[in-house]
Amino acid sequence: MSNNQTKVTRTSKANLILAIIALGSICGLIEVVIGGLLKQTDFAFRSGLLVGLGFAVIGLGIAIFRKPVIAIFIALIAIMSKNLAVVMLHLPAMCMANSSLAVMLEYGALGGIAAVAMGSMQKSVKSRIMIGGGAAAVSSIAFYFAGMHVAPCNYLLSFNSAAGFGSYLYKEALVWTIAAAVLFPVGWYLGLKIANRNMALFEARPSLYYIGSIATTAICWLACAIAVSNGI
């Protein structure tokens, strides 16, 4: 491999890593700040909207880099942001176990399904709608059964019956599915729009790209820390 090829490979990896950290931090911001604010207002469709927004961010990333596996790493960064409350407020780790599990199931399902259907997803809006909605539906059902055995909150426990499961499908799973089916393709569309510009910026002004990615990450984490310290 020539020196130029080695340099391109290294910069491409650095580009991807910085993007994953920045996108994961944005997803953490969505979960911590937006999620906290929506919880304070008792917004009825809070969890569904959070899923949809997170899927939009991942859709943007996959559209740019064509690597569905980034969804897993984005999930890990987002979970780290959510667990700031454990570190800053000295809460038991189990307090955040279920919400962290939900994020991993959501983003993991999306990454897995997108990897299998990447070809059709690149060609068809309908496919992207089905993948976003399908991943949300699968993860919502998986969360119902897994969450009941991890650290279920009172809200989740309220669905802990045969009739309750039907109610959960209507009140939660359906909302997750609709929000993801709408917002995942939106994120993909935005990713396509900025993909060429993103690569051109990286090639022409790599330092500017690095600064922008690092600044985005820092702002998101600072906002999350402020929100946690203020009980949001």
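The model shown is predicted, which means the values in this text are computed figures rather than measured ones. What you see below is based on every heavy atom in this structure, not just the backbone, and it leaves out hydrogens, waters and symmetry mates.
Between the CD1 atom of Ile21 and the SG atom of Cys220 there is a distance of 12.0 Å, given to the nearest 0.5 Å. Atoms CG and CG, from Leu105 and Asn98 in turn, are 9.5 Å apart once rounded to the nearest 0.5 Å. To the nearest 0.5 Å, the span separating CG on Asn83 from CG on Leu91 amounts to 9.5 Å. Annotation: the span from Trp221 atom CH2 to Ile226 atom CD1 amounts to 14.0 Å, rounded to 0.5 Å. Put simply, SG on Cys224 and CE on Met88 are 10.0 Å apart, with the number rounded to the nearest 0.5 Å. Atom CD1 of Ile129 is separated from atom CD1 of Ile178 by 12.5 Å, given to the nearest 0.5 angstrom.
Between Phe184 and Tyr189, the distance separating the two ring centers is not shorter than 6.0 angstrom.
Of all the heavy atoms in Trp188 and Ala63, the pair that sits closest is O-CB, 3.4 Å. The shortest non-hydrogen separation linking Gly111 to Ala71 is CA-CB, 3.8 Å. Heavy atoms only, all atoms of each residue included: Ala85 and Val228 are closest at CA-CG1, 3.7 Å. The two residues Ile113 and Ala135 have their closest heavy-atom pair at CD1-CA, 3.6 Å. What you find for Val33 and Ile232 is that their closest heavy atoms are O-CG2, 4.0 Å. When all heavy atoms of Ala78 and Cys27 are compared, the pair lying nearest together is CB-CB, 3.9 Å.
A donor atom on one side chain and an acceptor atom on the other are not found under 3.5 Å apart for Trp176 and Ser139. A donor-acceptor pair shorter than 3.5 Å can be found between the side chains of Ser47 and Glu172. Defined by atom type and a distance below 3.5 Å, a donor-acceptor pair is missing between the side-chain atoms of Arg128 and Gln122.
In this structure, Asn15 and Phe65 have side chains that are in contact, with non-hydrogen atoms separated by less than 4.5 Å. By the 4.5 Å heavy-atom criterion applied to side chains, Tyr107 and Ile58 are counted as neighbours. In this structure, the side chains of Leu18 and Ile214 come closer than 4.5 Å at one or more pairs of heavy atoms. Side-chain contact between Arg46 and Leu50 is present, with at least one heavy-atom pair separated by less than 4.5 Å. Looking at heavy atoms from C-beta onward, Leu183 lies out of side-chain contact with Phe55 at the 4.5 angstrom threshold.
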Subject >> Test side chain to side chain contact (heavy atoms under 4.5 Å, CB included) applied to Thr216 and Leu23, step by step >> reply: CA-CA 9 Å; Thr216 298; Leu23 292 173; over 6 Å; no
**OP:** Take Glu31 and Ser99 through the test side chain to side chain contact (heavy atoms under 4.5 Å, CB included) and record every step on the way to the result.
**Re:** CA-CA 9 Å; Glu31 291 287 331; Ser99 60; 5.8 Å; no
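Atom CE of Met130 sits in a sparse spot, with 12 or fewer heavy atoms from other residues, nucleotides or ligands closer than 6.0 Å. Other residues, nucleotides and ligands contribute more than 12 heavy atoms inside 6.0 Å of the CZ atom of Phe165. Residue Met80 places its CE atom among 12 or fewer non-hydrogen atoms of other residues, nucleotides or ligands, all under 6.0 Å distant.
Hydrophobic clustering (ILVMFWY, side-chain heavy atoms < 4.5 Å, transitive): Leu192 and Val186 are in one cluster. The cluster map of Ile, Leu, Val, Met, Phe, Trp and Tyr, joined by side-chain heavy atoms under 4.5 Å apart, puts Ile26 and Met104 in the same cluster. The hydrophobic clustering, which links ILVMFWY residues whose side-chain heavy atoms are closer than 4.5 Å, places Leu101 and Val103 together. One hydrophobic cluster, built from ILVMFWY side chains closer than 4.5 Å, cannot hold both Ile79 and Leu89; they sit in different ones. Residues Leu222 and Val86 fall into different hydrophobic clusters, defined by Ile, Leu, Val, Met, Phe, Trp and Tyr side chains chained together at heavy-atom separations under 4.5 Å.
At distances below 3.5 Å, at least one donor-acceptor pair connects side-chain atoms of Thr41 with backbone N or O atoms of Leu38. Between the side chain of Thr177 and the backbone N or O of Ala173 there is at least one donor-acceptor pair closer than 3.5 Å. Side-chain atoms of Ser213 never come within 3.5 Å of backbone atoms of Tyr210 as a donor-acceptor pair (strictly under, hydrogens ignored). Side-chain atoms of Ser120 come within 3.5 Å of backbone atoms of Ala117 as a donor-acceptor pair (strictly under, hydrogens ignored).
The only option from Phe143, Phe145, Tyr144, Tyr155 that meets the ring pair (Phe, Tyr, Trp, His ring centres under 6.0 Å) definition with Tyr168 turns out to be Tyr144.
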